[in-house]
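The structure appears below as structure tokens.
It should be emphasised that the depicted structure is a prediction, and the values quoted were computed from it without experimental measurement. Ligands are counted one by one from 1 in listed order, and the atoms in each one are counted from 1 as well.
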Amino acid sequence: MEPIYKSTRSKNIQASPKQAVLKGIAQDGGLFVFDDLDQIQIDLNKICSQSYLENAQYILSGLLPDYTQEELKECVENAYGNSFASDAVTPLVKVGDQYVLELFHGPTSAFKDVALTLLPQLMSQALKDTDEKALILTATSGDTGKAALSGFQDVKNTGICVFYPNGKVSNIQYRQMACQQGSNVHVYAVEGNFDDAQSMVKKLFLDKELNEFAAKNKVRLSSANSINIGRLVPQIVYYFEAYKQLVKDGVIQIGDEVSFSVPTGNFGDVLAGYYASLMGLPVKKFYVASNSNSVLSDFFETGTYDRNRPFVQTISPSMDILISSNLERLLYYMSGKDADQVAAWMKDLAQKGVYSVGDEMKKKLQETFGWGYFDDAATKEIIAEVYDKTGYVLDPHSAIGYGLGKEADGVVVTLATASPYKFSRDVLSALKEEEKDEWKALHRIEELSKTRAPKALADLETAEILHTDILQPEEMKEAVMTVTGEMK
Ligand SMILES: *Cc1c(COP(=O)(O)O)cnc(C)c1O
């Protein structure tokens, strides 16, 4: 198999799709990109006549050609066959003037499940060609850790260690992780805040003794973060699925353009949509919706990316991000695949926290993307307004997408990235009710929305706690060494 992925920062660094999935990031710090995306043209007629699983296999086979059809079929079935609460996997519902694509019917009730159920399968298949196993190390502020645990649970040739800040995650998030089942999962509370755990994980990836010990045991230390191509690719599928649903419902005909509004943090989700458009999906515009950490929305407005600003904690915490890593891939394509230019911008970002792309590029970006941001008060207003008008309850992240979606004309699909039940106290407060207890808030939302809370969330209230280890940051290495030693 010819290597077809290249680094965004250097044409000379290449990898096969399987290698790219196992490596995650290129050795020069760049992200793996597929140059000839526009040569994979997806047949919309075919999309409209196939199931989600068939479409996933079809789209993946274009982007990951060194996986056999049988391998991809197995990956897709393991990922989506019975872990999503909706047969459609990502159902589309009409809410007011917009269509809402519900991406939250997976095991942890948030959109990261769509990718984090498939990535472990892709890794496990790629590992079959090697004599290695993979150990995933993840620090989490709450949500990603659980989605990763659930995705890697009992996946062959893999193990996972998740570290969260002790006492600094919500009660639901704590129980989601502490009650996680699986023979290959390890969960630790770490004293300190998220950054302490995060910087220790980064140190561990570079730790000489640990890496030598892992190599001796044929264990590859790996991260499952959102720059891995194996997380991006699964997200392309649901853009085509939304389109299929609109055609089926008679809202559009094949060939018509639609717009997508996407609540954004690391720019992975909206980038997947951009990939879909390069692969033939008729898109009018993408709307990049931010919270008060408006670094992206300011970028599209001014052409300058400037992370030198205060970090704001919001009620949409999964979008509280100042460095949107996946934007680098967009810059690569938009600059005409100019790796040297991308490398220069990323160097500026690392050294000065700021870079500017110039007027010509800014103009190009503004033709394809709309932008905007909403602070917490505005977000709550959107939740209240949509509920009053339609009876539908949005979570704070999805509400931000919905708010910006109002600016689009024509058919617009807003990506709903989390279930309102995951953020029930803030959602209730937006609906002018205060409730401190998360479980009571969850049950109250059931009454207000006339829907049922996802079973996995509701069951947590009484689930058995399986993980109780509390570590100091400096004890994390020993914990990982122990797990590595047991993976042989
Ligand atoms: C991660 C996340 C986002 C942001 O997605 P990106 O791909 O990082 O832009 C939005 N909403 C929720 C609920 C998330 O978990």
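Across all non-hydrogen atoms, the minimal contact from R309 to D298 is NH1-OD2, 2.9 Å.
For Y275 and Y333, the ring centers sit closer than 6.0 Å to each other. Under the 6.0 Å cut-off for aromatic ring centres, F369 and Y287 do not qualify, their centroids lying 6.0 Å or more apart.
Looking at residues two or more places apart in sequence or on another chain, you find no ring pair (Phe, Tyr, Trp, His ring centres under 6.0 Å) involving F32. Y402 meets the ring pair (Phe, Tyr, Trp, His ring centres under 6.0 Å) test with no other residue; sequence neighbours excluded.
Every pair passing salt bridge (charged side-chain N to carboxylate O under 4.0 Å, His left out) that includes a residue from residues 221-243 is listed here, sequence neighbours excluded: E241-K244.
Closer than 4.0 angstrom to ligand 1 sit non-hydrogen atoms from F111, K112, P263, T264, G265, N266, F267, G268, D269, S318, M319, H397, T417, A418.
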